[in-house]
2 protein chains.
Amino acid sequence: MPVATRAKAPEQTWTIREIAEEFDVTHRTVRHYEDLGLISPERVGTTRIYHRRDKTRLGLILRGKRLGFPLEEIRTIIDLYDAPRGRRSQLEYVLGQIDERRSDLEQRRRDLDAALSELDRFEESCRNDLGRLG
Amino acid sequence: MPVATRAKAPEQTWTIREIAEEFDVTHRTVRHYEDLGLISPERVGTTRIYHRRDKTRLGLILRGKRLGFPLEEIRTIIDLYDAPRGRRSQLEYVLGQIDERRSDLEQRRRDLDAALSELDRFEESCRNDLGRLG
DNA sequence: GTATTGCTTTACGTTTACGTCAACGTCAAG
DNA sequence: CTTGACGTTGACGTAAACGTAAAGCAATAC
């Protein structure tokens, strides 16, 4: 009956190698993100211990990268999610930042949609040519 | 009655400075794209003359950049649009490339949508906090 | 004339995002 | 006890995407 004896569920942790492997990056990349302050794993002695929140953050970082954001900008975004929201002024600042982020992302979506429709038109034109050859 | 006398409409052209200004980049950037083979303006003596197709290309390049693509990849994309499509094998290659492009762009859209909905949830949470503060 | 303005090339500098050693600590296995 | 396997911290290297400075030609401006 471990339920009665343990105070908390033993939270699972990971080593840097496991983390790197799971996200398909090198340990050097993970350490680089730490250097830039994007993640800050627990330390046991000198060894890094990664918790679930570190994995969440790494996921956010890599998605930001896929979207083409520079790491410094990614840091400000992630930090935004952890920013203090106790005072009204702090909350209003955060809400303003959210709006900026959103317009940025929406611009990207416009670009993306434009690129996709051009691609569609191009494909149709190609299929047309193929038909004439058929 | 210039219509009867001119063989073609005199196509408008631009200088590097005008192009750079219009797209809000430096002339150095424009030349850099030329170095990489992304644009190849006409030359009159040593001076570069930009036509409408150069502007079109520059527009594509900058949109690709906003989407986070590296310049080399942008070059392969742009070249794709100008690729020869005379033979069936060429057309089939192009169609394959189009599919690759499309899955790439669709992955980006998934990332983008995920980022936007997270942002929405975060904003709501902030507005909630703001409401509790009165 | 010459002086300024705008274009050119060449070439080295900078930032970002890691890669790649080198040199060392540590812990379980043989 | 020493040999790996895995961890650590520097420190230097590199590729991409330009910035920037140097030095030159060429056409208007005065």
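The structure presented is a predicted model; accordingly, all values stated were derived computationally and were not measured. Lettering of chains follows the sequences in order, A, B, ..., and the numbering in each one begins at 1.
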Asks: Please determine whether a side-chain nitrogen of the Lys or Arg among Asp111(A) and Arg66(B) lies less than 4.0 Å from a carboxylate oxygen of the Asp or Glu.
Replies: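 The answer is yes: the pair qualifies as a salt bridge.
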Asks: For the backbone of Arg121(B) and the side chain of Ser125(B), can you confirm whether one donor and one acceptor N or O come within less than 3.5 Å of each other?
Replies: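 Checking the backbone N and O of Arg121(B) against the side chain of Ser125(B), no donor-acceptor pair under 3.5 Å is found.
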Asks: Give the rounded distance in Å between these two atoms: NE2 of His32(B) and P of dA11(C).
Replies: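 Rounded to whole Å, this separation is 17 Å.
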Asks: Compile the donor-acceptor pairs under 3.5 Å between side chains in residues 35-47 of chain B and protein atoms, sequence neighbours left out, one pair per line.
Replies:
from     : atom 1 : to       : atom 2 : distance (Å)
Glu42(B) : OE1    : His51(B) : NE2    : 2.5
Arg43(B) : NH1    : Thr46(B) : O      : 2.9
Arg43(B) : NH2    : Glu34(B) : OE2    : 3.0

Asks: Just how far, in rounded Å, is C1' of dC6(D) from CD1 of Ile19(A)?
Replies: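 The answer, rounded to whole Å, is 16 Å.
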Asks: In whole Å, what is the span from the NE2 atom of His27(B) to the P atom of dT20(D)?
Replies: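 Atom NE2 in His27(B) sits about 11 Å away from atom P in dT20(D).
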Asks: Would you mind classifying the nucleic acid contact of Arg28(A) as base, sugar-phosphate or nothing, using non-hydrogen atoms under 4.0 angstrom?
Replies: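 Arg28(A): base contact, heavy atoms under 4.0 Å.
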Asks: Within this structure, what is the CD1-to-P distance between Ile39(B) and dC18(D), rounded to whole angstrom?
Replies: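 From Ile39(B) CD1 to dC18(D) P: 11 Å.
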Asks: Does dG19(D) have OP1 or OP2 under 4.0 Å away from a side-chain N or O of Thr26(B)?
Replies: yes
Asks: Side chains of Glu124(A) and Asn128(A): any donor to acceptor distance under 3.5 Å?
Replies: no
Asks: Shortest non-hydrogen contact from Lys55(A) to Ile19(A)?
Replies: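 Smallest heavy-atom distance, with atoms named: CG-CD1, 3.4 Å.
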Asks: Nearest whole angstrom, please: distance from the C1' of dA17(D) to the CD of Glu73(B).
Replies: 15 Å
Asks: Taking 4.0 Å as the cut-off, does a side-chain nitrogen or oxygen of Arg31(A) come that near to OP1 or OP2 on dT8(D)?
Replies: no
Asks: How many Å lie between CD1 on Ile49(B) and C1' on dC7(C), as a whole number?
Replies: 10 Å
Asks: At 4.0 Å (heavy atoms only), tell me whether Arg48(B) reaches a base, stays on the sugar-phosphate, or touches nothing.
Replies: sugar-phosphate
Asks: If you check the Leu71(B) side chain, which of dT9(D), dT8(C), dC18(D) turns out closest?
Replies: dC18(D)
Asks: What is the distance, to the nearest angstrom, from the CD atom on Glu18(A) to the C1' atom on dG7(D)?
Replies: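 In whole Å, dG7(D) C1' and Glu18(A) CD are 12 Å from each other.
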Asks: Which part of the nucleic acid, if any, lies within reach of Tyr33(B) when heavy atoms closer than 4.0 Å are counted: base, sugar-phosphate only, or nothing?
Replies: sugar-phosphate
Asks: Heavy-atom nearest nucleotide on DNA chain D for Thr29(B) versus Ile16(A): which residue maps closer to 5'?
Replies: Ile16(A)
Asks: Using only side-chain N and O atoms of Lys65(B), determine if any of them is under 4.0 Å from OP1 or OP2 of dA17(D).
Replies: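 Answer is no, no contact under 4.0 Å.
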Asks: Between atom CZ in Arg75(A) and atom P in dT16(C), what is the gap in whole Å?
Replies: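 Answer to the nearest Å: 11 Å.
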Asks: Kindly say if Thr15(A) contacts the phosphate of dG7(D), meaning a side-chain N or O under 4.0 Å from OP1 or OP2.
Replies: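 Affirmative; the distance criterion is met.
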